[in-house]
Amino acid sequence: MKIALLGFGTVGSGLPALIADNQEKLAALLDETISISKVLVRSEEKAAQLRQAGHPWDFVTSIEAILNDDTISIVVELMGRIEPAKTYISQALAAGKSVVTANKDLLALHGAELQKLAQKNKVALYYEAAVAGGIPILRTLANSFASDKVTRLLGIINGTSNFMLTKMMEEGWTYKKALETAQLLGYAESDPTNDVEGIDAVYKLALLSEFAFGMTISPSQIKHQGIPTIQQADVEIANQLGYVIKLVGEIVEVSSGIFAEVSPTFLPASHPLASVKGVMNAVYLDSIGMGASMFYGAGAGQNPTATSVLADIVRIVKRFKEQTLGKSFNEYKRATRLAESSEVLNKYYFSVETPDSTGQFLRLVQLFTAVNVSFEQVLQQKGDGQRAVVGIICHKISQTQLASLETKLAKEDDFNLLNYFKVVEEN
Ligand SMILES: NC(=O)C1=CN([C@@H]2O[C@H](COP(=O)(O)OP(=O)(O)OC[C@H]3O[C@@H](n4cnc5c(N)ncnc54)[C@H](OP(=O)(O)O)[C@@H]3O)[C@@H](O)[C@H]2O)C=CC1
Ligand SMILES: N[C@@H](CC=O)C(=O)O
Ligand code: NA
């Protein structure tokens, strides 16, 4: 089976060695060899550099050289970004070639269109590597969870930001050093803003919504906040209260529909997700059959990601032999229903700066009571005589109440809402 690679960067350049290392197992499983026929690179200079470096592949600079080669059955897109990836994938599908991609941005924004094209041409479009890197979470949801209904999903699904948080909180690295190292290690997107602002996690959560809940939601329907807002003081208070701060993607289904968001979150130190460190990812599921389950592994990096890419290639070879290529990667589809904000309930931690004088706490109690929010835990940091910081964990409130509280606090000139974090409850 001949394949073509589009892009030979961090992930693409890792695939050849992985295929070679697994050749014996692949031959036994598939009774077929997988060989790289052509590799698309940006320019002749790039091709010459790669040949000079000893890479033996047939490097080409035009997509037509691949599209017009009828011996190529699978196109593997590992370039990233939206264009020309979308155009090249569309052309490959229309030319009757199956496609494997790791491009979560493209799939979250244009996946439905590309799926339709794949089905129309009775070829496969697979993208296990697009979500949580090496963790086979999409195939697990599509296959093993066919018999179980997921009610809530919590995921640490961006390796770069989790690596940064771990290094900053546990080793005192600066934000700059942590980000630069993540880039050096090949974890970060070409534009790392997506990693640190939670946008990459939003794209992945949109794909997880389809596989876990059968509902298609667009990235614009997913609230998100990144890690730059997290202060060292927040980390210290979280630890004092028995929590760990992580960037968590959540999808929960309530009676009115699903709610999805990516936010810095207080996780109880005892929660399985709290121990996910560095570039590792994990997807934690509540479901009616299994109860609680968690799937853990490297969320980014050359080999883990290339392993998911190879898994998709293997699946396509098998489906090719079974003549079931046109089956969609995800067959679980329901009408999309978005939850009423009054139905989505969570506990929150608020960090509020107030004047360091008598009566301020009473004002806070009155303000929270006005939106029917009660306190579960309160922590006051020692003030400097001018200003004091009060940490409040409240009982469960709705998104509606949260919005009202933010508005009321903003109206109080001498109160300053420094930060707030969703608080996940102990299991
Ligand atoms: N890195 C990781 O851990 C993971 C990455 N992914 C996804 O995998 C994809 C690839 O990521 P990664 O390998 O890290 O990215 P890199 O930036 O390392 O590699 C992308 C490669 O594609 C090449 N390229 C870009 N545009 C074109 C074009 N128009 N024609 C030819 N070549 C082109 C780039 O060439 P040039 O160098 O000249 O720009 C580069 O060599 C992305 O969609 C990413 O989101 C998914 C999971 C994990
Ligand atoms: N930049 C992404 C790569 C994998 O999807 C991440 O850090 O998770
Ligand atoms: Na995956």
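- Counting all heavy atoms, side chain and backbone alike, E197 lies closest to P228 at OE2-CG, 3.5 Å.
- Residues in residues 358-371 take part in these side chain to side chain donor-acceptor pair (under 3.5 Å) pairs, two or more places apart or across chains: S357-Q360, Q360-R363, R363-E412, R363-D414.
- Judged purely by atom type and a 3.5 angstrom limit, D234 uses its side chain to pair as donor or acceptor with the backbone of Q231.
- Remark: side-chain polar atoms of T229 are not paired, donor with acceptor, to backbone N or O of Q225 under 3.5 angstrom.
- Shown here are the salt bridge (Lys or Arg N to Asp or Glu O under 4.0 Å) partners of K318, two or more places apart in sequence or in another chain: there are none.
- The list of side chain to side chain donor-acceptor pair (under 3.5 Å) pairs with a residue in residues 303-317, not counting sequence neighbours, reads R139-D312.
- N121 places a side-chain N or O within 3.5 Å of a backbone atom of L117 that can act as its donor or acceptor partner.
- Scanning all heavy atoms of the two residues, the minimum distance from A298 to M280 falls at N-CE, 3.4 Å.
- One distance of note links CZ of F59 with OG of S43; it measures 11.5 Å at 0.5 Å rounding.
- Counting only residues at least two apart or on different chains, no salt bridge (Lys or Arg N to Asp or Glu O under 4.0 Å) pair has a member in residues 119-129.
- Distance alone, capped at 3.5 Å, is enough to place a donor-acceptor pair between the T265 side chain and the S263 backbone.
- A centroid separation of less than 6.0 Å is found between the aromatic rings of H271 and Y284.
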Yes or no on side-chain contact (heavy atoms from CB on, under 4.5 Å) for E343 and S256, after CA distance, side-chain angles and deciding distance? CA-CA 8 Å; E343 262 209 290; S256 54; 2.3 Å; yes
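- Remark: the backbone N or O of N103 is paired with a side-chain donor or acceptor of T101 at under 3.5 angstrom.
- P192 and L179 make their closest contact through CB-CD1, 3.8 Å (heavy atoms, listed as atom of the first residue, atom of the second, distance).
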Check against ring pair (Phe, Tyr, Trp, His ring centres under 6.0 Å), F350 and F368: CA-CA 11 Å; F350 298 92; F368 275 67; 5.4 Å; yes
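- Legend: residues meeting salt bridge (Lys or Arg N to Asp or Glu O under 4.0 Å) with K97, ordered by chain and number and at least two apart, are absent.
- Among residues two or more places apart in sequence or in another chain, the ring pair (Phe, Tyr, Trp, His ring centres under 6.0 Å) test is passed with H55 by F8.
- Residues K347 and E376 are paired through a salt bridge, judged by an N-O separation under 4.0 Å between the basic side chain and the carboxylate.
- Applying the 6.0 Å contact sphere to CG of N416 captures more than 12 heavy atoms from other residues, nucleotides or ligands.
- For the 3.5 Å distance criterion, the side chains of Q119 and K327 fail to qualify, holding no donor opposite an acceptor.
- Residues L15 and L310 have side chains in contact (heavy-atom distance under 4.5 Å, counting atoms from C-beta outward).
- At least one donor-acceptor pair under 3.5 Å links the side chain of Q401 to the backbone N or O of S398.
- Under the ring pair (Phe, Tyr, Trp, His ring centres under 6.0 Å) criterion, F329 pairs with Y126, Y127, F211, not counting sequence neighbours.
- Remark: side-chain polar atoms of T151 are paired, donor with acceptor, to backbone N or O of D286 under 3.5 angstrom.
- Judged as a side-chain contact (heavy atoms from CB on, under 4.5 Å), and not counting sequence neighbours, the contacts of Q302 are T10, S13.
- Among residues at least two apart or in separate chains, salt bridge (Lys or Arg N to Asp or Glu O under 4.0 Å) pairs with a member in residues 269-283 are E170-K277.
- Of the possible polar contacts, none joining the S287 side chain to the V150 backbone as a donor-acceptor pair under 3.5 Å is found.
- Side chain of S374 to backbone of H395: no donor-acceptor contact under 3.5 angstrom is found.
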Starting from the C-alpha separation in whole Å, work towards a yes-or-no answer on salt bridge (charged side-chain N to carboxylate O under 4.0 Å, His left out) for K333 and E210. CA-CA 7 Å; K333 299 195 191 312; E210 294 174 23; 5.7 Å; no
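- Counting heavy atoms from C-beta outward, F266 and I245 have side chains that approach closer than 4.5 Å.
- Around atom NZ of K116, no more than 12 heavy atoms belonging to other residues, nucleotides or ligands sit under 6.0 Å away.
- The two residues T400 and S341 make their nearest non-hydrogen contact at OG1-OG, 3.1 Å.
- For residues 155-168, the set of pairs meeting the side chain to side chain donor-acceptor pair (under 3.5 Å) definition, not counting sequence neighbours, comprises N158-S161, N158-D195, N158-D200, N162-K246, K167-E171.
- Residue pairs that meet the salt bridge (Lys or Arg N to Asp or Glu O under 4.0 Å) test with at least one member in residues 72-95, sequence neighbours left out, are K86-E113.
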Begin from the C-alpha positions of I74 and V99 and carry the test side-chain contact (heavy atoms from CB on, under 4.5 Å) through to its verdict. CA-CA 6 Å; I74 302 173; V99 169; over 6 Å; no
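- Note: F163 and Y187 meet the aromatic proximity criterion, with ring centroids under 6.0 Å apart.
- In this view, E353 and R387 satisfy the salt bridge (Lys or Arg N to Asp or Glu O under 4.0 Å) rule, not counting sequence neighbours.
- Heavy-atom minimum distance, I217 versus A206: O-CB, 3.6 Å.
- Between the side chains of D191 and T193, a donor-acceptor pair is found at a separation under 3.5 Å.
- In the model, E340 has no side-chain atom that pairs as donor or acceptor with a side-chain atom of S342 under 3.5 Å.
- Across all non-hydrogen atoms, the minimal contact from A124 to L93 is O-CD2, 4.0 Å.
- Rounding to the nearest 0.5 angstrom, the gap separating the CD1 atom in I316 from the CG atom in L325 is 7.0 Å.
- No donor-acceptor pair under 3.5 Å is formed between the side chain of N281 and the backbone N or O of G297.
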Test salt bridge (charged side-chain N to carboxylate O under 4.0 Å, His left out) on E250 and R152 and set out the steps. CA-CA 7 Å; E250 177 183 24; R152 184 174 75 154; 3.7 Å; yes
